[in-house]
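Below: one structure, written as C-alpha cells.
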Amino acid sequence: MLFAGIDVGSLTAEAVVVNSTGIVAGQSMSVLPNPVDSAREVLGRLLRQQGIALKQIEYTISTGYGREQVQLEGMAQSNVSEISCHGMGAYAQLPRVRTVIDIGGQDAKVIKLDEAGELADFVMNDKCAAGTGHFLEIMSRALGVTLEQLGPLSLGSRTPIEMSNRCSIYVETEVIHYLQRGASKVDLAAGINRSMAERVVALVRRVKPKREVMLTGGVAKNVAVRAELERMLQVKMVRPQIDPQLIGAYGAAVLASRIGDAQ
Amino acid sequence: MYSEQVGLFDRVASILDLCKRMPDTMSDEEVEGLLKFLPTDSQNSIRAMLVPRFRDVSVKFLKLVAKWVHTARKAPLEGKKVIIVPFNFPPELIHAFDNACPITSEILSTLGVVALEGQGERYWDMAMGLGLPDHSCSSSTIELGSMLGSSDFRPQAIVSAAPGGCDVNAKIHEFVSNYLDIPQFFLAKIPDDSQRGHAQYSVEARKLIKSLEQFVGEELTEDKLRKVMERANRCTELHYELWDLQRARPCPVPNLFSLYLYGVRFSMWGTQDGIEMLEAMVDLAKQRLKQGAYPAPQEKARTLWCYTSYYFDFANLFNWMEESGYTHLGDGLDLYFPQPVDTSSMDSMIEGFAEAARNMPMTRQVGGQSMSGQWTEDCITAAQQLDADCVIYCGHHSCKQTWSVLSILRSEIERRTGLPMLVLQGDSWIRRMTPISVIQHEIDEFVQNVVARKEQGKRRSRKHKSIN
C-alpha cells in the first residue's frame, strides 16, 4: 500500500510517497501562485516519474501553509501542521532525535521531541524575516550568486566579514556597501551565513536543545550555515537519509501510513 | 477640521456616543445595523463583543466606557480637572474628589485600537514623528501620541506611577508633561518588600494625596473617601466571585470578561457603575455555570496569559479561542489581588489605598523587589487556583522588563507546576508586528500538540496509579 505526504510551503512544495518498508520517492519544486496547483503539480510529477497511478495512493496528508486548501480541494484526506510533520519526519528518520531545527522559506522553528517522538515544545520566529530562508535568498541576489552557491562559496573564507546588523534590509545594504568597497564575495558569503546561524541559535537556546539535533528544511542544504550552527551549539547535528527539504512531506506521509494502516 | 488632525479621544468619544444610544437588549438586526455605521477595522472587535451569548453584558460595558469618556470630556466645562493616570494607579482615589476625573491612557489606547479605522497606528506614527522611539510602550504611546500630535482633548495633569516599575512609560509621561506643559505627580515604586519599605510607600502615597488636593483645590474628606472605598470593597468582592466562577470546568466566564474585569479596575473601580458592571458579569457567569454553557463542544485547554493579551482583533483572539475550546483565564493585568480596605478611619483608608496601589499590575510584579520572583509567584498562584493547563506570554515588543526575565518565569513555571508556556512575539496594540493568523496558528499548534500531549500523559499517569 502507498501513502503520500504533500508539503506546500511559502517558497517550495514537496511530495513524498512511502510504503510499509519506507520511502518510495520524493519530489520538490518551486511553488506556483496557488497552493492547490503546487500540490497537484508536485505530486503529479512524482507519480509520473515513478509510474504510480493516483488511485494507488491509499491515504494522503497535506501540510505547510497551503495544507487546508489542498485538503479542501480533495487532494488530501486530512491535514496536519508542519510542526508535527517535521517532528514526525525527523523521528521516523532517526528515533534518537530530540531537537529539530527547521529553517524554511518564511519562518524558522525549533521543535523538541520526547522519547516517543511526540512534540514536547516548540518556538518560532514570528516577527522577523532574519533567520529564514528568504534572508539567504535576498543576500544571494545581492551577491550575484545562486542560493545553492551561497554555502559552498563561503567555505573558502578565512576572514568572514561580520555583519553588524540582523535585519534583512540592513544586512543587504551592508553587503552592497562592502561590495562597493571591493570586499571578497567569499568572505561576505561567510559573514552572511554566520549572521543567519547566529539568529537561529538565539531561537534554539530558548528551548534548551537536547541531543540528537537534526537540521531540516531548505536551509539545511547550506553547508556553511550547518557548520556555523554546529560550531555555535557545540553539537554535531545528525543528517537525515533523505533530502532535508523533504522531511515535512515525509512526516506527513508517515502519519498518513499510520492512519491508513489503522483503517 | 481635517480628519488627520482629530485626536484619538475625540474620535473614540464620537463612536461611544453611538453606544450610549444603544438599547440595553439588542436584536441581531440592530447589531448588524450598528456595525454598518462602524469603521471596517472596528467591526471585528465590536461584533465579537456583541455575540448573543454575552451581548447584554457587553452593551453594559460599552455604555460604562461611554459614560467614563463622556464624563472626562465634559469635566473641564464643569470646572473639573481631568487627570491622566496609568493603568497601574487605582483610579478610585481620583473618583473620591468632586472636582477631578481620572482618565487612563492605556484604556484610551485600547479603545482607539478597538474602535477606530486604522486602529491606533496614526497616533503611533505621530509619536514617532515627534521623536519618541519605536521601542516605546505602544499601550501608552498611541494615546499620548494623539495628545501630542493632534487636536485632542488636553488633560490638566498627569499622575505617573511608573518610575522604577516601567521606566519606558515613566519617560513617556515626562515627555507628555513637558510637551503639554502640565504638572506631573509621581508615585514612585515601593523601595523593597520590608515593613520599612511598605511604610515608605505609604508616606509617598500620602504626599501624592496632598499634592493632588492642592492641585484640584479640594480637600479629600473622610466621608467622600469612605463612600468610594466602600464601593471599591464591593468591587473586590465581585472580583473574587468571578475568580471563583472561573475555576469551574468548563469555564462559565466568557473569555472577553477577563478584559472587561480589568477594564473596570482601571476606570470605574469604586463607583456605582463599576459595581453594576461587575454584578452583571457575575450574574451571567452564574447562569452559564448552571446551564453548563460553553461555546465549544469541549473545553480543550485553559490558558492563563501571564502578561497582556492582544487587543487589535477581539473576534479572532478571544472569541476564536472560546469557540475552539480554549479558555482565556485572564492575563497579567488581572493579577492585582485586591484586598478589602478598612474604612474605619481616614488613616486606614489611605493605608488601604497605598496597599491597592502597591498591588496594581506592573507595580506589584515589575516594580517588586524581585520582579521574576513576584511575577512567578503570582502566575503560579493564578494558574493553580484557576486550574490552568498552560501559560501564554503575549510578547509586547517594547516591554524590556518582561522580556528580560521571561526565561526565568518560563523555566520556574515548568519546574514547579509542569505547565508548558508558549512565548509569542506580537504586540498587543499594533497589528503590524505579527498578524493575528500567525498568532492563531501558534496557539493552535501549542494547544493541540504540547498541551494536549501533557494532558494525555497526566491522564495515563493517573490511570496507572489507580491500577496499582
B/S411 side chain near A/K208 side chain, heavy-atom distance below 4.5 Å: yes
More than 12 heavy atoms of other groups within 6.0 Å of [X] [atom1]:
X      : atom1 : result
A/R258 : CZ    : no
B/E323 : CD    : yes
B/K400 : NZ    : yes

Which of A/V123, A/I83, A/D107 touches chain B most, by non-hydrogen pairs under 4.5 Å: A/I83
Option that, when pairs with chain B are counted at under 4.5 Å, heavy atom only, ranks first among A/G87, A/A120, A/S81: A/S81
Closest heavy-atom pair and its distance - B/E445, A/E82: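 For B/E445 versus A/E82, the nearest heavy atoms are OE2-N, 4.3 Å.
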Least distance between heavy atoms, A/F122 atom then B/E442 atom: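 The pair with the smallest heavy-atom distance is CZ-O, 3.6 Å.
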Proximity breakdown for A/K112 and chain B, heavy-atom pairs closer than 4.5 Å: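 The answer is neither part of A/K112.
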The single option from A/L119, A/I111, A/D121 passing side chain to side chain contact (heavy atoms under 4.5 Å, CB included) against B/N449: A/L119
Proximity breakdown for B/L406 and chain A, heavy-atom pairs closer than 4.5 Å: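 Answer is neither: B/L406 stays 4.5 Å or more from chain A.
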Proximity breakdown for B/V423 and chain A, heavy-atom pairs closer than 4.5 Å: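 B/V423 touches chain A through backbone and side-chain heavy atoms alike.
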Whether B/R410 side chain and A/V207 backbone form a donor-acceptor pair below 3.5 Å: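 No, because the side chain of B/R410 does not come within donor-acceptor range (under 3.5 Å) of the backbone of A/V207.
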